[in-house]
Amino acid sequence: MQTVYNAIKAGYRLFDGAADYGNEKECGEGIHRAISEGLVKREDIFITSKIWNTFHKRENVRIFAKYQLTLWGIDHFDLLLVHFPCSLEHVPIKDAFPPGWFGLDGKCHPVRGVPFSETWGAMEELVDAGLAKNIGVSNVAGALLNDIISYAKYEPQVLQVEIHPYLTQESLIELCKHYDIAITAYCSFGPASWAELNMHGHVASLFEHGTIQEIAKETSKTEAQVLLRWALQQGLAVIPKSSNAERLTQNFQVSSFELSAEQMKKISALNINYRMNDPQGIHPALGIFA
């Protein structure tokens, strides 16, 4: 709660959540504290959440979304995403929450018979019911994005996806620009974004990379600010995370400078197509990027 409250005091207005993160109730409490103290109004805050993989069936999508709304203490999401384009065996909220990749037996159970079109149709129903103002997708590759566009009543407004200098995804960015789909880049700091989950792999930290350090010195900014600015100058939204009040403020101060074309080129040249968030490592059937 305190981290969200501090973020609002620092100027943040967009909060990206998910049931999988296990902290939506606390995030909502931080927002309501700020509202009660007159720091912001509800309409000043943009709240994003995500539908988890075990609730992809049409009848389960609304149940899950409404439960998440109660956790946040709000009546609608400003943006609701499908967290991953893969369906897992349903586990009721009463049996396991927050949800995860594994069933009650400790095993991962991908399921067939739940096409993404069914899940997307249920998402569209949430818009019609006023439970979500905008809907979108996360961790979706180009082929599926094209397929969704072909049948959608409401096209995805946002794609949230892993983008950083080790995974620049230029072709996906170009595709989204063609469809006028906004991109939210997560994992902006590369390996550092996954260190606490021990999912950072064996690549060098971007904070310690010579190229990033050189540009940080040239611009008199932190390495984190350089990485965020690199994404912003491509027209991407970013969602940096920190529980440190000083870094929260620093990460917010990335609009007062620009990287040169040469600096942007140097950072993009670090690309090695290295993806850290790939669920196929959990189960072969979850090869959404295969």
Visitor: Sub-3.5 Å donor-acceptor pair from the side chain of E118 to the main-chain atoms of P115, do we have one?
Guide: no
Visitor: Would you please test N277 and Y186 for side chain to side chain donor-acceptor pair (under 3.5 Å) and show each step?
Guide: CA-CA 10 Å; N277 192 15; Y186 72 79; 2.8 Å; yes
Visitor: Could you see if Y21 belongs to whatever hydrophobic cluster contains I74? Use Ile, Leu, Val, Met, Phe, Trp, Tyr and a side-chain cutoff under 4.5 Å.
Guide: no
Visitor: Evaluate the side chain to side chain contact (heavy atoms under 4.5 Å, CB included) criterion for residues Q169 and R275: first the C-alpha distance (whole Å), next the side-chain angles of each, then the deciding distance (0.1 Å), finally the verdict.
Guide: CA-CA 10 Å; Q169 304 228 62; R275 189 186 307 277; 3.8 Å; yes
Visitor: Do T184 and I239 touch side chain to side chain, with heavy atoms closer than 4.5 Å?
Guide: yes
Visitor: Sub-3.5 Å donor-acceptor pair from the side chain of E37 to the main-chain atoms of A34, do we have one?
Guide: no
Visitor: Can you measure from CZ (F15) to CD1 (I45) and round to the nearest 0.5 angstrom?
Guide: 5.0 Å
Visitor: Are I135 and Y151 in one and the same hydrophobic cluster, where Ile, Leu, Val, Met, Phe, Trp and Tyr link if side-chain heavy atoms are under 4.5 Å apart?
Guide: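 They do share one cluster, since a chain of ILVMFWY contacts under 4.5 Å joins I135 to Y151.
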Visitor: Any link between V254 and F46 through a network of hydrophobic side chains (Ile, Leu, Val, Met, Phe, Trp, Tyr) touching at under 4.5 Å?
Guide: yes
Visitor: Would you say the side chain of L126 lies within less than 4.5 Å of the side chain of V61, judging by non-hydrogen atoms?
Guide: yes
Visitor: Nearest 0.5 Å, what's the CG-NZ distance between L172 and K177?
Guide: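 One finds 11.5 Å between CG of L172 and NZ of K177.
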Visitor: Quick check, are the ring centers of F84 and W101 under 6.0 angstrom apart?
Guide: yes
Visitor: Please name the pair of heavy atoms, one in N60 and one in H90, separated by the smallest distance, quoted to 0.1 Å.
Guide: ND2-ND1, 3.5 Å
Visitor: If you measure only the distance, is there a donor-acceptor pair under 3.5 Å linking the side chains of Y5 and E29?
Guide: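 Judged by distance alone, the side chains do not pair up.
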Visitor: Mind checking whether L227 and L206 have side chains closer than 4.5 Å, heavy atoms only?
Guide: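 Yes - at least one pair of side-chain heavy atoms lies under 4.5 Å apart.
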Visitor: Determine the minimum heavy-atom distance between L69 and L131, stating which atoms define it.
Guide: CD1-CD2, 4.0 Å
Visitor: Does D78 come within less than 4.0 Å of R42, counting only side-chain N to carboxylate O?
Guide: yes
Visitor: Using side chain to side chain donor-acceptor pair (under 3.5 Å) as the criterion, list what pairs up with D95, not counting sequence neighbours.
Guide: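 Not a single residue meets the side chain to side chain donor-acceptor pair (under 3.5 Å) criterion with D95.
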Visitor: Around atom CD of E174, are there more than 12 heavy atoms from other residues, nucleotides or ligands closer than 6.0 Å?
Guide: no
Visitor: What are the two closest non-hydrogen atoms of S205 and P191, and how far apart are they?
Guide: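 Residues S205 and P191, closest heavy atoms: CA-CG, 4.5 Å.
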Visitor: Got a donor-acceptor contact below 3.5 angstrom from the E223 side chain to the A216 backbone?
Guide: no
Visitor: For Y154, does its backbone N or O pair with a side-chain atom of E124 as donor and acceptor, under 3.5 Å?
Guide: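 Confirmed, E124 side chain pairs with Y154 backbone.
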Visitor: Going through the checks in order, is the side chain to side chain contact (heavy atoms under 4.5 Å, CB included) test met by K221 and F257?
Guide: CA-CA 9 Å; K221 300 296 179 181; F257 74 104; 3.6 Å; yes
Visitor: Of all heavy-atom pairs between S138 and P85, which one has the smallest distance, and what is that distance?
Guide: O-CD, 3.7 Å
Visitor: Please evaluate residues S268 and W230 with respect to the criterion side chain to side chain donor-acceptor pair (under 3.5 Å), reporting the C-alpha separation (whole Å), side-chain torsions for both, the decisive distance (0.1 Å), and the verdict.
Guide: CA-CA 9 Å; S268 295; W230 171 80; 3.0 Å; yes
Visitor: Name all residues meeting the side chain to side chain donor-acceptor pair (under 3.5 Å) criterion together with N146; count only those two or more places apart in sequence or in a different chain, and write none if there are none.
Guide: Y179
Visitor: Quick one: do I183 and I173 satisfy side chain to side chain contact (heavy atoms under 4.5 Å, CB included)? Show the steps, please.
Guide: CA-CA 7 Å; I183 293 180; I173 293 173; 3.8 Å; yes
Visitor: Which word best sums up how the rings of F252 and Y12 line up, parallel for under 30°, tilted for 30 to 60°, or perpendicular for over 60°?
Guide: tilted
Visitor: Do you reckon L88 sits in the same ILVMFWY cluster as V91, going by side-chain contacts under 4.5 Å, direct or chained?
Guide: no
Visitor: If you round to the nearest 0.5 Å, how far is CG of L270 from OG1 of T168?
Guide: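 Going from OG1 on T168 over to CG on L270, the span is 9.5 Å.
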Visitor: Does either side chain, that of R229 or that of Q233, offer a donor lying less than 3.5 Å from an acceptor on the other one?
Guide: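 There is such a pair between these side chains.
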Visitor: For the pair E162 (side chain) and M276 (backbone), establish whether a donor and an acceptor sit closer than 3.5 Å, ignoring hydrogens and angles.
Guide: yes
Visitor: Consider only side-chain N and O atoms of E208 and Q213, and report whether a donor and an acceptor are under 3.5 Å apart.
Guide: no
Visitor: Which atom names give the shortest non-hydrogen contact between T119 and V114, and what distance separates them?
Guide: OG1-CG1, 4.1 Å
Visitor: Roughly how far apart are H178 NE2 and I149 CD1, rounded to 0.5 Å?
Guide: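 Taking NE2 in H178 and CD1 in I149, the distance rounds to 9.0 Å.
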Visitor: Side chains of Q68 and S49: do they bring a donor and an acceptor to under 3.5 Å?
Guide: yes
Visitor: Measuring only between side-chain heavy atoms, which start at C-beta, is R13 closer than 4.5 Å to V40?
Guide: yes
Visitor: Using side-chain heavy atoms (C-beta onward) and a distance below 4.5 Å, is T219 in contact with E258?
Guide: no
Visitor: So how far is it from M123 CE to E125 CD, rounded to the nearest 0.5 Å?
Guide: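 It comes to 11.0 Å.
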Visitor: Looking only at non-hydrogen atoms, find the nearest pair between P156 and V137 and report the distance.
Guide: CB-CG2, 4.4 Å
Visitor: Hey, can you pull the donor-acceptor pairs under 3.5 Å for the side chains in residues 279-290, sequence neighbours left out?
Guide:
| residue | atom | partner | partner atom | Å |
| --- | --- | --- | --- | --- |
| Q280 | NE2 | P284 | O | 3.1 |
| H283 | ND1 | A285 | N | 3.0 |

Visitor: Can you check whether K41's main-chain N or O pairs, donor with acceptor, with D44's side chain at less than 3.5 Å?
Guide: yes
Visitor: Taking side chain as C-beta onward, heavy atoms only, is L145 less than 4.5 Å from C176?
Guide: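 Counting from C-beta outward, L145 and C176 do come under 4.5 Å.
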Visitor: To the nearest 0.5 Å, what is the distance between CG (L81) and CG (N139)?
Guide: 9.5 Å
Visitor: Using modelled atom types and a 3.5 Å cut-off, is there a donor and acceptor pairing between side-chain atoms of H83 and backbone atoms of W52?
Guide: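 Side chain of H83 to backbone of W52: no pair is present.
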Visitor: Tell me whether E59 at atom CD has more than 12 heavy atoms from other residues, nucleotides or ligands lying less than 6.0 Å away.
Guide: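 For E59, atom CD is crowded (more than 12 foreign heavy atoms under 6.0 Å).
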Visitor: I'd like to know if K50 and D16 make a salt bridge, using a cut-off of under 4.0 Å between side-chain N and carboxylate O.
Guide: yes
Visitor: Find out if a path of hydrophobic residues (ILVMFWY) with successive side-chain heavy-atom gaps under 4.5 Å connects L167 to V161.
Guide: no
Visitor: Between F64 and F97, how do the two ring planes meet: parallel, tilted or perpendicular, split at 30° and 60°?
Guide: tilted
Visitor: In a check of salt bridge (Lys or Arg N to Asp or Glu O under 4.0 Å) between D128 and each of R62, K133, K153, which one passes?
Guide: K153
Visitor: With a 4.5 Å cut-off on side-chain heavy atoms, are S188 and I163 touching?
Guide: no
Visitor: Indicate the ring-plane relationship of W120 and F116, choosing parallel, tilted or perpendicular according to the 30° and 60° boundaries.
Guide: parallel
Visitor: Kindly assign one of parallel, tilted or perpendicular to the pair F189 and F207, based on the angle between their ring planes and the thresholds 30° and 60°.
Guide: tilted
Visitor: For residues L228 and P240, determine if any side-chain heavy atom of one lies less than 4.5 Å from a side-chain heavy atom of the other.
Guide: yes
Visitor: Do H56 and N53 pass the side chain to side chain contact (heavy atoms under 4.5 Å, CB included) test, and can you show the C-alpha distance, the side-chain angles, and the key distance before you say yes or no?
Guide: CA-CA 6 Å; H56 277 199; N53 313 329; 4.0 Å; yes
